[in-house]
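What follows is a single structure, written as structure tokens, with notes after it.
All heavy atoms count here, side chains included; hydrogens, waters and symmetry mates do not. Throughout, numbering of the chain's residues begins at 1 and tracks the sequence. Bear in mind that the values here come from a model prediction, so they are computed numbers and not experimental data.
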Amino acid sequence: MNLTHTKLQPFPHSPPLTHPTFLFSSRSLLPFPRNLKPAYVSPSFLYKKHTLLRYGCFGVSRSRTRSSISEVEEEQKQKPVLVKRAYPFDEIEPKWQRYWEQNRTFRTPNDVDTSKPKFYVLDMFPYPSGAGLHVGHPLGYTATDILARFKRMQGYNVLHPMGWDAFGLPAEQYAIETGTHPKLTTLRNINRFRSQLKSLGFSYDWDREISTIEPEYYKWTQWIFLQLLKRGLAYQAEVPVNWCPALGTVLANEEVVDGVSERGGHPVIRKVLSLFITKQPMRQWMLKITAYADRLLEDLDELDWPESIKEMQRNWIGRSEGAEVEFCVLDSDGMETDMKITVYTTRPDTIFGATYLVVAPEYTLLSSIVSTEQRESVEGYQDIASRKSDLERTELQKEKTGVFSGCYAKNPTSGEPIPIWVADYVLGSYGTGAIMAVPAHDARDHEFASKFNIPIKWVVTPNNGSCVESGKAYSGEGIIVNSSNLKVGLDINGLSSKEAAYRVIEWAEKVGKGKKKVNYKLRDWLFARQRYWGEPIPVIFLEDSGESLPVLESELPLTLPELDDFTPSGTGEPPLSKAVSWIKTIDPSSGKPATRETNTMPQWAGSCWYYLRFMDPKNSNELVDKEKEKYWSPVDVYVGGAEHAVLHLLYSRFWHKVLYDIGVVSTKEPFKCVINQGIILGEVQYTACKDTDGNYISADPADDLGEYLQEIIPEERVVKSGEFFVLKDNPNIRLIARAHKMSKSRGNVVNPDDVVSEYGADSLRLYEMFMGPFRDSKTWNTSGIEGVHRFLGRTWRLIVGSPLHHGAFRDGTLVTDEEPTTEQLRALHKCIAKVTEEIEGTRFNTGISAMMEFINAAYKWDKQPKAIIEAFVLLLSPYAPHMAEELWSRLGHPDSIAYEAFPKADPAYLKESTVVLPVQINGKTRGTIQVEKGCSEEDAFTLASQDEKLSKYLDGKPIKKRIFVPGKILNVILDRQNVKAGSIQ
């Protein structure tokens with residue numbers, strides 16, 4: 001550790017330490033809150049959790065540090081270190097976590113009372129990474145836990161399970177780098193994740209825990225694949241893939257970022273694998289998700305999902321209506337050939353304005369079209385394009401690139417020859433891989449045509465006759481012009497765009513040049529991975545014919561073989577090709593020799609259907625029992641990040657609809673309500689800009705300086721000035737203040753274990769819910785936890801009392817058996833109504849605010865009636881379950897609070913009994929008074945006369961009359977003739 005770069009803060013030390021002592025952890029240095037109450041902790045605990053530096057100053061040598069630690073530890077052996085706690089969370093939380101585990105408190109029985117309502121709340125399947133949890137992860141988990149606990153207390157049968165999406169590339173790459181089998185790494189990571197989740201008090205039914213890597217689970221993943229295969233929804237094809245030479249494998253689209261591998265940053269090439277790796281074609285398994293495109297689109301309307309997520313899926317599916325039109329390729333003499341290019345267009349009304357064609361670099365007929373003179377240029381462009389992702393290629397802001405093919409085609413409507421270009425903004429996977437370019441009416445085509453001096457022909461004018469901005473395309477609809485060719489029998493001049501489009505399609509179908517077409521951006525799902533750590537695909541190939549056959553369902557699961565060498569082959573052959581004895585098999589039907597499929601399924605496979613297995617996790621005879629599925633489906637609330645908006649949710653919906661069609665599930669959709677939690681960003685980082693000479697410059701003009709240096713500034717050197725942050729010792733230097741997503745590379749990850757150690761799990765849960773609206777992104781601030789920690793401490797002391805002289809707390813509570821007052825009942829039921837409403841609306845932060853208001857009110861009471869306090873503890877339970885369990889026990893209840901009835905607000909106590917009445921003197925408002933509803937004029941006047949502020953206007957003054965509107969206003973008119981001048985100011 002480089003101590004010269006470590007931020008040290010004073011740590012409140014115990015009396016025996018007469019020298020400065022500092023506390024720091026692996027992530028940051030934090031003081032204990034000043035108001036925490038004391039409790040004794042062993043020196044070994046402190047030594048393990050934290051490092052104490054006796055001299056606590058910069059530049060201490062490593063040997064001096066060891067010596068200092070030893071001296072401090074020796075001192076502590078003589079007397080325990082005093083650590084202050086707001087309440088004894090370090091005793092309470094482990095106690096109740098043990099209780100829940102031993103008593104299986106949150107177990108959902110296999111056979112539940114189906115006459116009761118159900119609530120199935122689910123977190124998106126986590127991948128157990130080696131880094132463990134950071135404080136961003138518990139945000140969604142805490143929200144679902146609050147909902148689960150709330151619904152249990154309302155009498156629902158609750159299903160709230162947890163499991164692991166454990167196959168995937170990260171574990172395999174780590175295994176390759178370290179030589180450790182991925183199963184060992186994965187199981188170790190799962191144990192770590194499970195331990196962290198349990199430490200946060202989440203009420204998962206751990207009896208239902210599942211993992212995608214277990215054969216008992218992926219048996220049914222393989223079974224689903226066989227059902228897809230039976231129905232023609234799984235097939236093999238030669239398709240372009242992401243080949244990474246350095247990793248020696250094919251990568252999924254989601255594993256490629258900006259043209260390089262997500263892991264290692266190695267270049268990735270997009271090509272058909274069989275063309276450059278092996279002489280024999282390497283066919284990839286595909287799932288025909290396009291067969292369900294219309295249903296996936298239409299059924300979105302029925303879902304209670306964020307509109308932004310539904311719109312992302314609509315765009316990904318990308319349904320459009322248009323036409324396919326054929327353009328005949330011309331030879332070098334300008335004569336028509338037998339070769340035709342079919343384009344798909346959503347604007348057939350603009351076909352007369354098509355002045356060139358564009359084909360994708362991977363267009364299948366390109367090698368037959370390109371001229372000899374242009375072949376080298378085209379092949380070079382193809383190689384460059386293969387190194388770009390689809391996203392990079394289609395980004396609107398990027399500069400358009402392309403190369404002329406050397407060949408022309410004939411516009412079927414105008415009869416004019418138009419050039420054929422190759423450009424990467426056209427994708428081979430969308431439509432036909434070729435487009436007709438209409439530069440006057442498409443922004444991308446216009447930019448391309450302007451760059452390469454291609455003619456631009458206007459064929460649409462706006463309906464309102466307005467002028468189109470010079471140098472830009474007009475992409476709207478309007479009236480058609482310059483679109484007539486009587487030789488081919490087509491004249492659409494003067495028609496509207498819609499009518500013209502219909503007429504062009506009608507003409508194309510009549511003359512055999514095209515047809516109406518519905519198209520989708522959605523592509524079939526590439527389902528094969530050349531990896532080891534995934535589900536084996538249950539297919540064999542007969543050696544004599546190569547015919548593919550499904551593995552018999554009775555032989556499932558087809559388990560992964562144990563391999564010592566699971567590194568990629570480097571030739572495109574999957575690692576499973578090394579398991580020679582496993583590959584060789586016999587077809588049980590014919591007795592012929594066969595080989596097993598050596599590709600594995602992608603990581604998405606196991607997470608497509610896990611929500612069903614949670615309903616019936618131990619069933620070895622079927623994927624899920626029909627009655628259990630019928631009761632629990634669909635998932636009522638599904639919480640996770642917006643990054644899964646398309647792929648995971650779309651794939652799950654696809655598989656669910658297939659299972660619906662074959663009678664396995666009873667609902668058309670898997671998830672009734674989806675909620676995306678916001679992102680928790682790392683703590684704000686302050687950065688100063690410097691010029692090339694090392695002088696500080698304000699962040700204002702920094703962007704105008706071109707290159708400049710950046711320096712991270714510690715928080716103690718920063719001060720806020722108006723809306724900006726500046727250097728404390730030079731306020732003229734404005735800083736950049738920015739919070740980033742937590743990541744190891746940025747060093748801004750906050751470990752929840754550290755937070756739990758210092759503040760307790762209930763404080764972490766409460767803080768994450770209190771930071772702001774659940775769906776919004778927010779910035780982590782460790783000091784912000786102290787606020788909710790103080791609230792829990794105040795709650796504890798209100799009910800249990802202050803600590804005794806030795807630091808421990810008394811047994812039992814301070815509550816009384818007295819009947820609550822009306823004021824207390826009103827405060828309680830107002831809190832009940834608010835907390836209930838906010839939990840149901842997932843507005844957890846305002847629910848916490850309501851409880852804080854209640855505690856503030858309760859501190860003003862002389863007595864704490866048991867009936868009031870018990871109800872409040874029930875309200876607190878979903879948010880801070882450890883404290884609630886302990887308080888419930890101290891209040892005399894032998895059983896867990898988990899299944900106690902959640903309080904219901906009594907409407908009688910929600911009605912306000914008083915109103916604020918404005919008081920005017922001679923028509924001018926001078927103050928307000930609090931009066932009972934139905935208050936008489938005389939009572940209102942008496943209260944006004946007794947009010948400290950109002951009495952000075954009324955004492956001894958003659959009154960001419962009073963105007964009183966009940967509940968609205970009291971206006972006192974003074975007799976001005978008898979009032980001394982200046983007495984009313």
Side-chain angles (χ1 to χ4, degrees), residues 36-37 39 41 45 83 85-108 133 138 141-153 158 160-162 193-207 209 752-753 755-769 785 788-789 791-801 803 808-813 815 848 851 869-902:
L36 301 188
K37 299 301 178 185
V41 177
F45 171 83
V83 179
R85 305 281 194 199
Y87 67 98
F89 64 83
D90 53 322
E91 300 170 16
I92 292 170
E93 292 180 354
K95 168 186 172 181
W96 287 103
Q97 287 165 18
R98 286 192 300 271
Y99 175 91
W100 294 329
E101 186 161 358
Q102 291 167 2
N103 291 275
R104 300 162 77 194
T105 303
F106 308 113
R107 176 179 174 270
T108 302
L133 297 177
Y141 303 156
T142 303
T144 58
D145 195 59
I146 290 171
L147 292 171
R149 290 175 177 274
F150 174 65
K151 288 296 185 179
R152 281 192 201 96
M153 298 174 77
V158 172
H160 186 40
M162 176 51 72
F193 259 67
R194 188 192 302 110
S195 173
Q196 288 185 297
L197 292 177
K198 287 185 175 182
S199 75
L200 295 172
F202 297 134
S203 61
Y204 294 123
D205 178 0
W206 288 106
D207 285 6
E209 181 183 5
D753 296 352
V755 180
V756 170
S757 174
E758 295 180 26
Y759 297 99
D762 284 344
S763 292
L764 176 60
R765 290 168 60 109
L766 233 65
Y767 176 60
E768 298 220 349
M769 295 297 97
I785 289 191
V788 293
H789 191 68
F791 160 67
L792 290 175
R794 295 186 75 223
T795 301
W796 178 264
R797 293 191 299 276
L798 176 76
I799 300 171
V800 175
F809 289 89
R810 73 183 76 238
D811 295 331
T813 67
V815 300
I848 295 171
M851 290 188 284
I869 296 302
E870 282 188 334
F872 176 76
V873 171
L874 290 167
L875 292 180
L876 182 65
S877 177
Y879 287 90
H882 305 90
M883 175 179 280
E885 287 277 22
E886 180 65 21
L887 293 175
W888 192 248
S889 174
R890 285 171 174 253
L891 287 165
H893 301 281
D895 297 324
S896 169
I897 199 173
Y899 293 92
E900 295 294 329
F902 200 80

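- Shown here are the salt bridge (charged side-chain N to carboxylate O under 4.0 Å, His left out) partners of D207, two or more places apart in sequence or in another chain: R104, R107.
- Between atom CD of residue Q97 and atom CG of residue L200 there is a gap of 8.0 Å, rounded to the nearest 0.5 Å.
- In this structure E885 satisfies the salt bridge (charged side-chain N to carboxylate O under 4.0 Å, His left out) test with no other residue, sequence neighbours excluded.
- Residues satisfying the salt bridge (charged side-chain N to carboxylate O under 4.0 Å, His left out) test with R810, not counting sequence neighbours, are none.
- Scanning for side chain to side chain donor-acceptor pair (under 3.5 Å) contacts around D145 gives R149, S203, R765, with sequence neighbours left out.
- Exactly one residue among D762, V788, L766, L792 makes a side-chain contact (heavy atoms from CB on, under 4.5 Å) with Y879. That residue is L766.
- Applying the ring pair (Phe, Tyr, Trp, His ring centres under 6.0 Å) criterion to F202, with sequence neighbours excluded, gives Y204.
- Under the side chain to side chain contact (heavy atoms under 4.5 Å, CB included) criterion, A143 pairs with M769, F774, F844, sequence neighbours left out.
- By the side chain to side chain contact (heavy atoms under 4.5 Å, CB included) test, E870 pairs with K866, W888, L891, H893, sequence neighbours left out.
- Annotation: salt bridge (charged side-chain N to carboxylate O under 4.0 Å, His left out) contacts of R794 (sequence neighbours excluded): none.
- Atoms OG1 and CD, from T142 and E768 in turn, are 5.5 Å apart once rounded to the nearest 0.5 Å.
- Taking CG of D753 as the start and OG of S195 as the end, the distance is 7.0 Å to the nearest 0.5 Å.
- When the side chain to side chain contact (heavy atoms under 4.5 Å, CB included) test is applied to E101, the partners found at least two apart in sequence or on another chain are K198.
- Atoms CZ and CE, from R194 and M162 in turn, are 11.5 Å apart once rounded to the nearest 0.5 Å.
- Checked against the 6.0 Å centroid criterion, the rings of Y87 and F809 do not qualify as a close aromatic pair.
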Checklist entry - Stepwise, does the side-chain contact (heavy atoms from CB on, under 4.5 Å) test hold for L887 with W796? => result CA-CA 8 Å; L887 293 175; W796 178 264; 3.8 Å; yes
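- With sequence neighbours excluded, no residue satisfies side chain to side chain donor-acceptor pair (under 3.5 Å) with S877.
- Looking at residues two or more places apart in sequence or on another chain, you find no side chain to side chain donor-acceptor pair (under 3.5 Å) involving H160.
- Rounding to the nearest 0.5 angstrom, the gap separating the CG atom in L764 from the CD1 atom in I785 is 5.5 Å.
- Not counting sequence neighbours, the partners of Y99 by the ring pair (Phe, Tyr, Trp, His ring centres under 6.0 Å) test are W96.
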